[in-house]
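What's counted below: heavy atoms across the whole structure, side chains too, no hydrogens, waters or symmetry copies. Position 1 is the first residue of the sequence, and the numbers go up from there. Remember, predicted model here, so these are calculated numbers, not experimental data.
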Amino acid sequence: MTTGEANEELAKRLAKDRDDWKIKISDLVNLLKEMSGLSQCQVLMLSYRQILLDKITDFKTTKHKRQGAYDRYYKIKYREYSIDYDVKLTSGEKVAFIKADLSHLRTQMEMLQSHMDYYQECIKTCDNLAFAIRNRINLDDKEY
């Protein structure tokens, strides 16, 4: 599998995961409509929040591994362009060549960071749901 194919596959997996979480969060919001769904909403919200935190931790680990690989390859490529390359390059040219060579790793790290940011927003939504549940209960109490 080429690096381009690997990045496309990662993008597809992340997009599917975002779609799954979009549905889960939407279902939670829909549970707020009826008082009978509030307890289920609260339980699911807390469960989802913890799952998202675990996923963020996993993605951070993966991103750090990719950063380590990027740093190692950067060093190798810098040495290659400094010593083994046929044409003498300026420092700026070396950096530009290396960035082009390692763009697939940088793309992966950016996709992972973007996905972690998405998870953080989902956590914020779950936190806001906790307030929405409380407000929903308060509204229902005032109606009676």
Side-chain angles (χ1 to χ4, degrees), residues 1-82 84-85 89-144:
M1 180 182 293
T2 68
T3 55
E5 291 170 343
N7 283 357
E8 285 179 34
E9 181 63 30
L10 178 61
K12 286 178 188 175
R13 286 194 341 240
L14 296 177
K16 183 185 179 323
D17 191 51
R18 280 191 304 275
D19 289 342
D20 292 345
W21 279 102
K22 180 173 63 174
I23 291 167
K24 287 178 182 179
I25 298 294
S26 294
D27 290 346
L28 279 181
V29 172
N30 287 331
L31 287 172
L32 290 174
K33 291 179 182 175
E34 300 295 327
M35 287 298 290
S36 60
L38 293 184
S39 62
Q40 182 182 4
C41 180
Q42 192 169 28
V43 168
L44 287 174
M45 179 264 308
L46 291 170
S47 176
Y48 289 168
R49 191 179 192 291
Q50 186 59 46
I51 291 168
L52 289 164
L53 285 171
D54 291 342
K55 285 181 171 277
I56 288 171
T57 300
D58 292 343
F59 273 81
K60 281 182 181 179
T61 301
T62 302
K63 185 180 174 206
H64 286 300
K65 287 179 184 176
R66 297 266 162 72
Q67 182 65 51
Y70 182 90
D71 293 342
R72 283 189 304 279
Y73 287 129
Y74 193 96
K75 182 179 82 170
I76 291 167
K77 288 292 186 180
Y78 193 87
R79 183 168 176 79
E80 178 183 315
Y81 286 124
S82 296
D84 299 331
Y85 201 62
L89 300 173
T90 66
S91 186
E93 290 172 326
K94 288 177 198 173
V95 169
F97 279 35
I98 294 167
K99 283 185 176 183
D101 290 343
L102 302 180
S103 64
H104 65 284
L105 283 173
R106 177 62 56 200
T107 299
Q108 289 175 8
M109 290 186 293
E110 289 170 358
M111 284 191 287
L112 293 171
Q113 183 60 53
S114 175
H115 207 66
M116 287 188 291
D117 294 343
Y118 176 77
Y119 283 156
Q120 287 289 355
E121 291 302 315
C122 287
I123 288 172
K124 287 179 187 176
T125 301
C126 287
D127 292 343
N128 289 336
L129 276 171
F131 292 109
I133 291 168
R134 187 187 70 203
N135 291 339
R136 177 72 170 102
I137 292 169
N138 286 341
L139 283 175
D140 193 63
D141 287 345
K142 288 180 182 178
E143 290 177 7
Y144 291 107

Is any side-chain heavy atom of [Y] closer than 4.5 Å to one of [X]?
X    : Y    : answer
Y48  : L129 : no
C126 : L46  : no
Y78  : S91  : yes
L31  : M45  : no
W21  : T125 : no
K55  : I51  : yes
Q67  : R106 : yes
I56  : I123 : yes

_Verdict with supporting geometry, K60 and L112, side-chain contact (heavy atoms from CB on, under 4.5 Å)_ = CA-CA 8 Å; K60 281 182 181 179; L112 293 171; over 6 Å; no

*Inspect the contact between K24 and D20 and indicate whether a charged nitrogen and a carboxylate oxygen are less than 4.0 angstrom apart.*
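No, D20 and K24 are not salt-bridged.
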
*Can a salt bridge be assigned to the pair E9 and K12 using a cut-off of 4.0 Å between side-chain N and carboxylate O?*
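Salt bridge flag = no for K12 with E9.
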
Hey, does the side chain of [X] reach the backbone of [Y] with a donor-acceptor pair shorter than 3.5 angstrom?
X    : Y   : value
R72  : G68 : yes
S26  : K22 : yes
R136 : L32 : yes

Working to the nearest 0.5 Å, report the span between [atom1] of [X] and [atom2] of [Y].
X   : Y    : atom1 : atom2 : result
D71 : K75  : CG    : NZ    : 10.0 Å
T3  : E8   : OG1   : CD    : 10.0 Å
I25 : L52  : CD1   : CG    : 6.5 Å
K63 : Y70  : NZ    : OH    : 12.5 Å
R66 : H104 : CZ    : NE2   : 9.5 Å
K65 : L105 : NZ    : CG    : 14.0 Å

*Can you say whether the rings of F59 and H115 are parallel (under 30°), tilted (30 to 60°) or perpendicular (over 60°)?*
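Rings of F59 and H115: tilted, as their planes differ by 30° to 60°.
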
*Write down the atom of M111, the atom of N7, and the distance for their closest heavy-atom approach.*
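Answer, listing the atom of M111 first, then N7: CE-O, 3.6 Å.
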
*More than 12 non-hydrogen atoms from neighbouring residues, nucleotides or ligands closer than 6.0 Å to CD on Q113, yes or no?*
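Yes.
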
